[in-house]
Amino acid sequence: MSQTYIKQAQDYLENLRSQNAQRTLQAYTEDKIIYLNTNDYLGIAKLSANELYENYQKFFTNLTNYKVLNNTKQSLLELTENFNSLLNIDPLTGSTGSRLLSGSNNCTYLVEQFFSIIVENDKRALYYNSGYHANLGIIPSLARLNKKTAVVMDRLAHASIIDGVRLADVNFYRFSHNNVEDLKRQVSKAIESGYQNIILCVESIYSMDGDCLTKDDFLQIIELKNTLSKQNINLIIYVDEAHAFGIYGAKKLGLVEEYGLVNDIDLIVCPVGKALNSTGAIIFAHSAIIEYLINTSRTFIYSTALPPAVCFKTLAAYLYVLNNELLVVTYINKCKLYKQHLENCISQLQSSSIKILGDNHIISIVLNNNYLIDKVKQFFLDHSIVIAGIKHPTVPKGSERIRLSLTIDDLNNDVLLDRFTSLLTSFIESEISCELTN
């Protein structure tokens, strides 16, 4: 039996190693290790099950205090009775099957009802197993609505969106990152090629650069959508809120809600693995589209459902966020202040050309090559700090970077932040300045 495929894999890995591009799994067991690479922005991972359940009870007990929910309080109160009955009789453990077989348990259904009530208007919620599952399953389904479908997407779109487009097997057009004028040009090209349905895929906050479309950008896109509808062209606006859900907006539904534009967006994908530190993704769309996805989205139909306990954890974590508005506001403000501090410190160094990216709570420090990324990761690990090094091919060559995902606990720890800043500036002075000199 031929083993040449193993040799092919070995050769591929050797090529990666020669470029300092091989990815590896690492587990750190030391007690004193500090992680600055987690997506657990609000520290929910550290909460016990009892603490989350107490927040669940606190929310529904004090529901009348939430002015932002004035229009939905009665519906939520009625839903509470169903939840309480469920918790008394259901162990919330196994999933048992896919959603269309035995896996559509009462808990998951009630969580979907809850978010459908929260979002209001004509939108409804559907729970996918992950953000990747959602993008991989929704985009191909939307593409089947009309044979004359194309996708227009940001050049820095997440891998899951790119893979969804590939599975859809449709022509696609990519516009320069966050450039609305180029977006419009690519939409025009799609129309000139005879496409009638154009799926526009964007992210509210981009995971590598930490930047976002402004409200004015979204308003221009919505205006374009309304103009095209008069020409019988459907511009389907699809927004991934992975890094904004749980942080932005009065109801913490994301940046689109912060901008007051939920009703104007066709599909909103809200993965819950970041700020809520859970598993899955909540999808918001018109009820007809939700029913269509239940019938056509292969990642939804053919995946074993998540255990009901996971879905309840998502709800409890979301309610924790609503119960702790001051925590979220503090988190956002401290992220911005620390980024400014970091920029000021680095700008005073000889290597002041180093870019620091991010308009929100993701901070990227661009170091330009894979070799330096490996070196800086090891440098920090030697000081018991784990950082995220993002290398090519995840990002384009020349834009390799350290990516900071700071939690609220990190931001409240001035000693840690000062230590990180001091270590980073020391590394830049000793390693990068030396490279520039050579």
Side-chain angles (χ1 to χ4, degrees), residues 119-124 134-135 138-158 161-162 164-165 168-206 209 211-242 244-245 248-249 253-270 283-293 296 359:
V119 76
E120 297 185 76
N121 301 302
D122 66 350
K123 282 188 168 56
R124 182 176 146 197
N135 289 331
I138 296 173
I139 296 170
S141 286
L142 292 178
R144 289 200 293 274
L145 283 168
N146 188 324
K147 290 182 179 179
K148 295 182 178 180
T149 295
V151 172
V152 173
M153 60 180 173
D154 192 287
R155 189 162 291 280
L156 297 187
H158 189 267
I161 293 175
I162 295 170
V165 172
D169 195 25
V170 295
N171 284 338
F172 60 91
Y173 302 79
R174 302 177 81 171
F175 60 90
S176 300
H177 180 52
N178 277 348
N179 187 324
V180 176
E181 291 307 312
D182 193 34
L183 181 159
K184 292 176 182 177
R185 283 191 290 271
Q186 301 309 317
V187 169
S188 294
K189 286 181 183 179
I191 294 170
E192 288 167 6
S193 297
Y195 294 108
Q196 296 173 341
N197 279 13
I198 300 169
I199 307 168
L200 173 62
C201 296
V202 298
E203 298 171 44
S204 60
I205 297 176
Y206 285 83
D209 284 13
D211 55 358
C212 59
L213 289 167
T214 65
K215 181 176 181 177
D216 182 65
D217 292 332
F218 271 107
L219 288 173
Q220 288 187 60
I221 293 168
I222 292 163
E223 182 181 2
L224 176 64
K225 171 187 173 179
N226 294 336
T227 300
L228 292 176
S229 68
K230 297 173 184 176
Q231 305 169 27
N232 293 320
I233 303 292
N234 296 308
L235 184 64
I236 302 166
I237 305 176
Y238 184 108
V239 180
D240 188 317
E241 290 270 18
F245 184 62
Y248 289 94
L253 297 179
L255 210 58
V256 166
E257 191 214 348
E258 177 93 355
Y259 293 157
L261 302 174
V262 169
N263 293 340
D264 299 291
I265 306 302
D266 297 289
L267 282 104
I268 304 174
V269 179
C270 296
I283 311 306
F284 296 108
H286 188 280
S287 181
I289 297 300
I290 294 295
E291 288 297 329
Y292 173 75
L293 292 174
T296 63
D359 299 329

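Residue numbers start at 1 and run along the sequence shown.
Side chains of T149 and N234 form no contact here, defined as non-hydrogen atoms less than 4.5 Å apart. Using a 4.5 Å heavy-atom threshold, the side chains of D217 and L183 count as separate. S193 places none of its side-chain heavy atoms less than 4.5 Å from the side chain of N171. Inter-residue side-chain proximity for I161 and E203 is flagged as met; some heavy-atom pair is nearer than 4.5 Å. Two residues are said to be in side-chain contact when any heavy atoms from C-beta on lie closer than 4.5 Å; K189 and F175 fail this criterion.
Atoms CG and OH, from L142 and Y238 in turn, are 7.0 Å apart once rounded to the nearest 0.5 Å. Here the CG-CZ distance, from N178 to R155, works out to 13.0 Å after rounding to the nearest 0.5 Å. Rounded to the nearest 0.5 Å, atoms CG (D359) and CG (L213) are 10.5 Å apart. With rounding to the nearest 0.5 Å, the separation of CD in E223 from CG in L228 is 10.5 Å. Interatomic distance, I237 CD1 to I199 CD1, rounded to the nearest 0.5 Å: 12.5 Å. Here CG of L293 is found 5.5 Å from CD1 of I138. Values are rounded to the nearest 0.5 Å.
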Worked check of side-chain contact (heavy atoms from CB on, under 4.5 Å) between Q220 and D216: CA-CA 6 Å; Q220 288 187 60; D216 182 65; 3.1 Å; yes
Residues Q186, N179; criterion side-chain contact (heavy atoms from CB on, under 4.5 Å); working and verdict: CA-CA 11 Å; Q186 301 309 317; N179 187 324; over 6 Å; no
side-chain contact (heavy atoms from CB on, under 4.5 Å) between F218 and V202, intermediate numbers included: CA-CA 10 Å; F218 271 107; V202 298; 4.3 Å; yes
Derivation and outcome, side-chain contact (heavy atoms from CB on, under 4.5 Å), residues H286 and Y292: CA-CA 10 Å; H286 188 280; Y292 173 75; over 6 Å; no
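Between the side chain of S141 and the main chain of T296, a donor-acceptor pair closer than 3.5 Å is present. Judged by distance alone, the side chain of K123 and the main-chain N or O of V262 form a donor-acceptor pair under 3.5 Å. Judged purely by atom type and a 3.5 angstrom limit, N121 has no side-chain atom pairing as donor or acceptor with the backbone of N263. Of the possible donor and acceptor atoms, one in the side chain of E241 sits under 3.5 Å from a partner among the backbone N and O of V256.
Between L253 and C270, the closest heavy-atom pair is O-SG, 3.8 Å. Between A134 and I283 the shortest heavy-atom distance is CB-CD1, 3.7 Å. E258 and G249 get closest at one heavy-atom pair: OE1-N, 2.8 Å. Contact between D154 and H177 at its shortest, heavy atoms only, is OD1-ND1, 2.9 Å. Closest approach of S204 and C212 over heavy atoms only: O-CB, 2.7 Å. Annotation for Y195 and I233: closest pair O-CD1, 3.7 Å, computed over non-hydrogen atoms.
Between the side chains of N226 and S229, no donor-acceptor pair is found at a separation under 3.5 Å.
Residue-environment remark: CG (D122) exceeds the threshold of 12 foreign heavy atoms within 6.0 Å.
Evaluated for a side-chain contact (heavy atoms from CB on, under 4.5 Å) with I198, the options L235, V151, N146 yield exactly one hit, L235.
Between K225 and D266 there is a salt bridge, since at least one side-chain N of the basic residue sits less than 4.0 Å from a carboxylate O of the acidic one. Using a cut-off of 4.0 Å between Lys/Arg side-chain N and Asp/Glu carboxylate O, K184 and E181 are scored as salt-bridged.
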